[in-house]
Amino acid sequence: MTLKSRSKIVDLLKGGVVGTEVTAKGWVRTRRGNKNVAFIALNDGSTIHNIQVVADVTTFGDDFLKDVNTGACIMVVGQLVESPGAQQPVEIQAKNIEIYGKADAATYPLQKKGHSLEFLREIAHLRPRTNTFGAVLRIRHAMAYAIHKFYNDKGFFYLHTPIVTASDAEGAGAMFRVTTLDIENPPRSEDGKVNFTEDFFGKETNLTVSGQLEGELGALALSEIYTFGPTFRAENSNTPRHLAEFWMIEPEMAFYDIEDNMDLAEEFLKYLTSYALEHCKDDLEFLNKMWDKELIERLNFVASNKFVRLTYTEAVDILEKADQKWEFPVFWGADLQSEHERYLVEKHFKKPVILTNYPKDIKAFYMKQNDDGKTVRAMDVLFPKIGEIIGGSQREENLEALTTRMAEMNIPQDEMWWYIDTRKFGSAPHSGFGLGFERLLLFVTGMSNIRDVIPFPRTPNNCEF
RNA sequence: UCCUCAUUAGCUCAGUUGGUUAGAGCACCUGACUGUUAAUCAGGGGGUCCUAGGUUCAAGUCCUAGAUGAGGAGCCA
């Protein structure tokens, strides 16, 4: 028998054959019992549920069982039997128990009773062993898989856009510099400035803030692509919705206009929501019970109801007529604030909202300009509790319109020659959007802080683990 | 970065108007219990009340500054 031969607890609970000898391995959640019998709740992360191991105290001895405590890692060999207890179908009658790793009860930080999410963040190396983070991490995996499945089934190609980039033209946020220069004593040119031609890449480089521009290059060759990778923003954002390092999905499609783009975004979000409801039932039920009593109801609602679509101008109209005091004034041309977005989603429509056709001055240079000369074909998908979960647009494919806009917004065109080239040679109408993976997970898991849906969060002043 | 709030046992939290020796549940230790379900029951040990100043006869409690955390805002996904 090799070390890895064992039954996963999820399989034992669902399809284990009663009467057979089985081997289970995992971490002890609790041990309880009396002087005759000990009950060990064992979890191996394959499911939210534990399997109950029953150990005869006279067989194993008090001293031995003392070390089979919360946190210890053990192997159990024994017969799978029907459980007389009401809370589990089967249990293991232990014949042999081996302790792989003890956990000193006096110093092991995790206990069987509730911990605050804040405390668990401080022990992010151990929090995957809790019910909540086990559930979140399994759902995170399921969503990542579902994203690839969704696009693969549609014939999209997964494009790996670069993580190190020399373009900071998109202006999506402050960037992390990538350099091998000696930060204490960098080479300088005659004018005293740091001489980046001596840096590793011979120019200034940063971590990517978006794969979109390179994604467009792929779409204008493969027709439909998506990216799914890490993204970095050096913004000093301290909120439950922002991370310095997060994952983003960016589909980019040739021959899609803004309507096609919205259709895809809505179908995508509904697919993922339905996938979670179908494949992560046990974990969602746990999170629903533990953290968010309306979670499953909300997921069902989003999966089965049409999103509201309206233009920015219509939204401003609704907000101006709303019987509501605003901290920030509403007028045409102003960027919508959180309070405005929340009002539309949570109070006025009570369902997800897609806003389109924003004033061009509050949106990026690459967005397709409308004939009115005032608005661009941007779209933001707004979700309850989370706010903006998707931001996207139809892209400006007309060379002259694009370069004129770049000049107006002081975007350096020489650095962007390759991007502009796509509008010179075989340009095509195309669209795309970005979905923040962790924001999706906030919605799907019902967690309220983004630091609790990524294994090791990176935020200002925090890069532990 | 701005505003607000919080910080008391390993964890979760009480602590009255500033007043004797700072409490509870869980965890830990000792014991009881013939199948438990965050097992239960009895007993025990465990405190830099975030840090540094200050006010006061007296500070966990009031004041000032700082640290850390959280919520809201901005930036955005």
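Keep in mind that the numbers below use all heavy atoms, side chains included, and drop hydrogens, waters and symmetry copies. Note on naming: letters A, B, ... go to the chains in the order of the sequence lines (proteins, then strands), and numbering restarts at 1 for each one. All of these numbers come straight from a predicted model, not from anything done at the bench.
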As a test of reading the structure: which of [options] is closest to the side chain of [X], going by heavy atoms?
| X | options | result |
| --- | --- | --- |
| A:Leu243 | B:U36, B:G74, B:A77 | B:A77 |
| A:Thr239 | B:U34, B:C75, B:U36 | B:C75 |
| A:His242 | B:G74, B:C33, B:A39 | B:G74 |
| A:Ser116 | B:U37, B:U12, B:A77 | B:U12 |
| A:Arg233 | B:U37, B:C76, B:A70 | B:C76 |
| A:Glu388 | B:G35, B:C75, B:A77 | B:A77 |
| A:Asn34 | B:G74, B:G35, B:U37 | B:G35 |
| A:Glu235 | B:U37, B:U12, B:C75 | B:C75 |
| A:Pro240 | B:U36, B:G74, B:G72 | B:G72 |

[X] near the nucleic acid: base, sugar-phosphate alone, or nothing, with a heavy-atom cut-off under 4.0 Å?
| X | value |
| --- | --- |
| A:Ile386 | nothing |
| A:Gln88 | base |
| A:Asn238 | base |
| A:Arg121 | sugar-phosphate |
| A:Ala86 | base |
| A:Gln111 | base |
| A:Glu245 | nothing |
| A:Thr30 | sugar-phosphate |
| A:Gly434 | sugar-phosphate |
| A:Gln93 | base |
| A:Phe119 | sugar-phosphate |

Rounded to whole angstrom units, what separation is found between the [atom1] atom of [X] and the [atom2] atom of [N]?
| X | N | atom1 | atom2 | result |
| --- | --- | --- | --- | --- |
| A:Lys35 | B:U36 | NZ | P | 16 Å |
| A:Asp452 | B:G69 | CG | C1' | 13 Å |
| A:His115 | B:A70 | NE2 | P | 17 Å |
| A:Gln337 | B:C2 | CD | C1' | 14 Å |
| A:Lys66 | B:A27 | NZ | C1' | 15 Å |
| A:Arg32 | B:C33 | CZ | P | 20 Å |
| A:Arg29 | B:U37 | CZ | P | 19 Å |
| A:Glu118 | B:U7 | CD | P | 13 Å |

Fill in: Closest-nucleotide 5' rank along RNA chain B - winner of A:Val37 and A:Ala244
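Between the two, 5'-proximity favours A:Val37.
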Worksheet entry | Minimum-distance pair of heavy atoms, taken over all atoms of A:Glu320 and A:Phe331 |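 The answer is OE2-CA, 3.8 Å.
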Item to complete: State, to 0.1 Å, how close A:Leu207 and A:Thr165 come at their nearest heavy-atom pair, and which atoms those are.
Response: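 Reported closest heavy-atom pair: C-CG2, 4.0 Å.
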[N] versus [M] - spacing of their [atom1] atoms, nearest Å:
| N | M | atom1 | value |
| --- | --- | --- | --- |
| B:U4 | B:G66 | P | 13 Å |
| B:G47 | B:C41 | C1' | 27 Å |
| B:C13 | B:A52 | C1' | 27 Å |

Practice prompt. Compare side-chain N and O positions of A:Arg342 against OP1 and OP2 of B:A73 and report whether any pair is under 4.0 Å apart.
Written response: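 Result: yes.
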Worksheet entry | Dot-bracket pairing map - RNA chain B, Watson-Crick plus G-U, both contacts under 3.5 Å, | cross-strand | (((((((..((((.....[...)))).(((((.......))))).....(((((..]....))))))))))))....
Discussion item. With the stacking rule set at 5.5 Å and 30°, tell me whether A:Phe437 counts as stacking on B:A77.
Written reply: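 Not stacked by the 5.5 Å and 30° rule.
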Worksheet entry | Aromatic ring pairing A:Phe443/A:Phe383, orientation class (parallel under 30°, perpendicular over 60°, tilted between) |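 Rings of A:Phe443 and A:Phe383: perpendicular, over 60°.
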Item to complete: Return the set of residues passing ring pair (Phe, Tyr, Trp, His ring centres under 6.0 Å) with A:Phe232 (not counting sequence neighbours), or none when no residue passes.
Response: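 Not a single residue meets the ring pair (Phe, Tyr, Trp, His ring centres under 6.0 Å) criterion with A:Phe232.
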Worksheet item: From A:Phe133 CZ over to A:Arg138 CZ, what is the distance, rounded to the nearest 0.5 angstrom?
Response: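 Interatomic distance, A:Phe133 CZ to A:Arg138 CZ, rounded to 0.5 Å: 12.5 Å.
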